[in-house]
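Residue numbering restarts at 1 for every chain, and letters A, B, ... go by the order of the sequence lines. Only a predicted model underlies this, so the values are computations on that prediction, with no experimental measurement involved.
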Protein chains: 2
Amino acid sequence: MNGNKKMNTSEKIMMAAIDLMAEHGYNGVSTQEIATRAGFSEKTLFRHFQSKQNLLESAFNRYHYAEEMKDLFLKKIVWDLQKDLLMVCRSYHRIMYQNRKLIKISTKVGDSLPGFRERTHQHPQQLKEFLTGYFEEMYKKGKIIETDFESNAKAFLYMNFGAAMGRMNNDPIFAGTPIDSFIEASVSIFTRALRP
Amino acid sequence: MNGNKKMNTSEKIMMAAIDLMAEHGYNGVSTQEIATRAGFSEKTLFRHFQSKQNLLESAFNRYHYAEEMKDLFLKKIVWDLQKDLLMVCRSYHRIMYQNRKLIKISTKVGDSLPGFRERTHQHPQQLKEFLTGYFEEMYKKGKIIETDFESNAKAFLYMNFGAAMGRMNNDPIFAGTPIDSFIEASVSIFTRALRP
DNA sequence: TAGAAATGTCAGTGGTTACTGACATCACTG
DNA sequence: CAGTGATGTCAGTAACCACTGACATTTCTA
């Protein structure tokens with residue numbers, strides 16, 4: 001999302017807005033502060049974006065990474081429980097980490113501004129359906145035991161969702177341990193629980 | 001947290017503040033709106049609380065349920081994996097649900113106001129240590145297999161944390177299914193994964 | 001180097017916000 | 001009934017905020 005040194009004025013302002021709003025919320029930061037952080041005058045901000053709300057919307061359109069996880073996963077499946085779950089976890093956390101600041105903004109904004117929450121929280125539903133279908137298919141292939149596939153999918157997703165939230169909010173539980181070791185441990189719990 | 005009909009002025013105002021701030025955040029609601037929602041004039045709000053920030057702090061002191069989960073769990077342990085994990089989950093979700101509005105406020109406030117985040121998010125660290133110790137003891141008793149106990153504790157807690165967050169934010173995944181059936185399914189995953 | 005485009009400066013507008021003081025009203029209670 | 005305490009009314013203050021217009025200055029580029 002960042003790291004690029006060659007940013008134009010609009011991009012610098014959007015990045016400043018994202019950084020500040022992720023920390024203090026939409027109403028917790030002023031256009032003056034955003035412009036100063038970006039290194040421009042407030043006037044320039046309004047010349048580029050007309051309004052504060054439009055600035056946030058533009059930032060979402062520019063930086064929200066909305067790759068279809070379902071499609072991504074279908075391509076990479078190899079029908080090996082451990083390999084597939086690892087792949088799903090890693091992709092999920094990668095995307096959540098890329099979008100972490102926009103996700104923080106949308107959780108703080110809530111439903112005050114319309115549409116943002118929907119965009120950052122669109123994945124869970126389709127992921128749950130994907131994983132439920134995956135477990136059903138794996139059962140038909142005789143590779144896992146019969147369980148409540150939908151509940152398992154929910155548990156797996158919430159485990160990763162909770163971990164992603166903890167990571168983006170600097171949960172002290174994550175201090176020191178990289179995300180990948182958590183992913184491996186959490187996947188092995190499910191493989192042990194579901195193996196025939 | 002609510003439901004009591006015999007509330008005095010201060011309590012009515014604090015409840016109104018909690019309701020509105022949980023939805024729109026601290027900066028997203030005015031003292032005027034809070035007073036109107038509570039059925040009083042803005043002047044009365046300031047007579048009782050002096051400042052907006054003090055109102056929020058008073059509401060936290062009055063309504064934040066900070067029971068020591070660790071102590072609670074230690075009393076109820078029976079050293080049966082399924083029974084203990086069920087007890088932990090149910091207690092955890094009960095407390096998270098009681099505090100849900102204050103938790104929503106503190107996630108929106110972030111670190112802008114000092115101290116709130118710490119209070120609503122104090123549990124994870126001590127719960128992780130409790131669960132890690134519990135798994136070690138269960139291993140010594142020969143009731144579960146040897147694994148990375150701390151990682152298992154993290155995974156278990158994040159699964160429940162994610163589910164609690166989803167529930168308090170009306171995640172459509174939870175629509176229709178009660179929390180208890182999720183708890184049972186998630187616990188049985190861990191019991192199957194850890195049984196010798 | 002001339003002209004165009006981007007940006008800065010600055011003063012200002014209309015609205016909101018947290019918060020106050022003075023005074024009136026109401027309910028209860030001894 | 002007198003008096004006390006809680007509340008309402010209302011006008012107001014100082015700060016902040018999103019946003020604008022006029023004009024000057026800088027920067028880029030043909």
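A:Met96 and A:Ile179 fall within the same hydrophobic cluster, defined by Ile, Leu, Val, Met, Phe, Trp and Tyr side-chain heavy atoms under 4.5 Å apart, directly or through other members. Under the 4.5 Å side-chain heavy-atom criterion for ILVMFWY residues, no single connected hydrophobic cluster contains both A:Met165 and A:Tyr97.
Taking atom CZ of B:Phe49 as the reference point, atom P of C:dC19 lies 13 Å away to the nearest angstrom. Taking atom CD of residue B:Glu42 and atom C1' of nucleotide D:dA11, one finds them 13 Å apart after rounding to whole Å. Between the CG atom of B:Leu45 and the P atom of C:dT20 there is a distance of 11 Å, given to the nearest Å. Atoms CG (B:Asn8) and C1' (D:dA6) sit 12 Å apart, rounded to a whole Å. The distance between atom CD of A:Gln53 and atom C1' of D:dC19, rounded to the nearest whole Å, is 14 Å. Put simply, CG on A:Leu55 is 16 Å from P on D:dC17, counting in whole angstrom units. Rounded to whole angstrom, the span from the CD1 atom of A:Ile13 across to the C1' atom of C:dT7 amounts to 10 Å. Going from atom CZ of A:Phe46 over to atom C1' of C:dG12 covers 14 Å, rounded to whole Å.
Between A:His48 and C:dT7, a side-chain N or O to OP1/OP2 separation shorter than 4.0 Å is present. Checking the phosphate oxygens (OP1, OP2) of D:dG8, a side-chain nitrogen or oxygen of B:Thr44 falls inside 4.0 Å. For D:dA18, neither phosphate oxygen OP1 nor OP2 lies less than 4.0 angstrom from any side-chain nitrogen or oxygen of A:Ser51.
Remark: B:Val29, B:Ser30, B:Thr31 in residues 20-41 of chain B come within less than 4.0 Å of DNA chain C through at least one heavy atom.
Base contact: A:Lys43 has a heavy atom under 4.0 Å from a base atom. Residue contacts shown for A:Gln50 are limited to sugar-phosphate atoms, with no base heavy atom under 4.0 Å away.
Scored by the side-chain contact (heavy atoms from CB on, under 4.5 Å) test, B:Asp148 finds B:Glu150, B:Ser151 as partners (sequence neighbours excluded). With sequence neighbours excluded, the residues that form a side-chain contact (heavy atoms from CB on, under 4.5 Å) with A:Gln82 are A:Asp80, A:Leu86, A:Val187, A:Thr191.
Within a 6.0 Å radius of OH in A:Tyr139, other residues, nucleotides and ligands contribute 12 heavy atoms or fewer.
Not a single donor-acceptor pair under 3.5 Å links the side chain of B:Tyr158 to the backbone N or O of A:Ala164.
The base of D:dG5 is not paired with the side chain of B:Arg47 by any donor and acceptor separated by under 3.5 Å.
Across A:Trp79, A:Phe190, A:Phe73, a single residue satisfies ring pair (Phe, Tyr, Trp, His ring centres under 6.0 Å) together with A:Tyr134, and that is A:Trp79.
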